[in-house]
Amino acid sequence: MFRRREPVPFAFVAEADRFRSNVTPPPREKASVAEMAGRWLLGVTIVAALVGSLVLGMPALTLDHSSNGTQESQASQGH
């Protein structure tokens with residue numbers, strides 16, 4: 001940790017990086033049923049959106065070999 005080289009007039013300033021509070025924070029509030037349901041619904045919605053975009057996007061990413069093969073075979077038969 002960074003140490004100061006110049007003298008410090010007050011001891012508590014020099015000890016400030018090692019200070020620990022004796023005050024405990026208040027306990028966290030328990031989430032209500034509505035908040036839990038909202039979080040769960042948001043998570044399900046996000047997952048459903050990702051799965052839906054994957055399902056709708058997969059046909060655009062696949063190569064259609066069957067239509068290319070029929071066009072080539074018809075072209076070769078015509079010549």
Exercise. Can you list the residues that meet the side-chain contact (heavy atoms from CB on, under 4.5 Å) rule with S32, with sequence neighbours excluded?
Worked result: A34, E35
Exercise. Hydrophobic clusters join Ile, Leu, Val, Met, Phe, Trp and Tyr when side-chain heavy atoms are under 4.5 Å apart, directly or via other members; which others share one with V33?
Worked result: none
Could you give the side-chain donor-acceptor pairs of residues 38-63 under 3.5 Å, partners two or more places apart or in another chain?
unit_1: T45; atom_1: OG1; unit_2: L41; atom_2: O; d: 2.7
unit_1: S53; atom_1: OG; unit_2: A49; atom_2: O; d: 3.3
unit_1: S53; atom_1: OG; unit_2: L50; atom_2: O; d: 2.8
unit_1: T62; atom_1: OG1; unit_2: P59; atom_2: O; d: 3.0

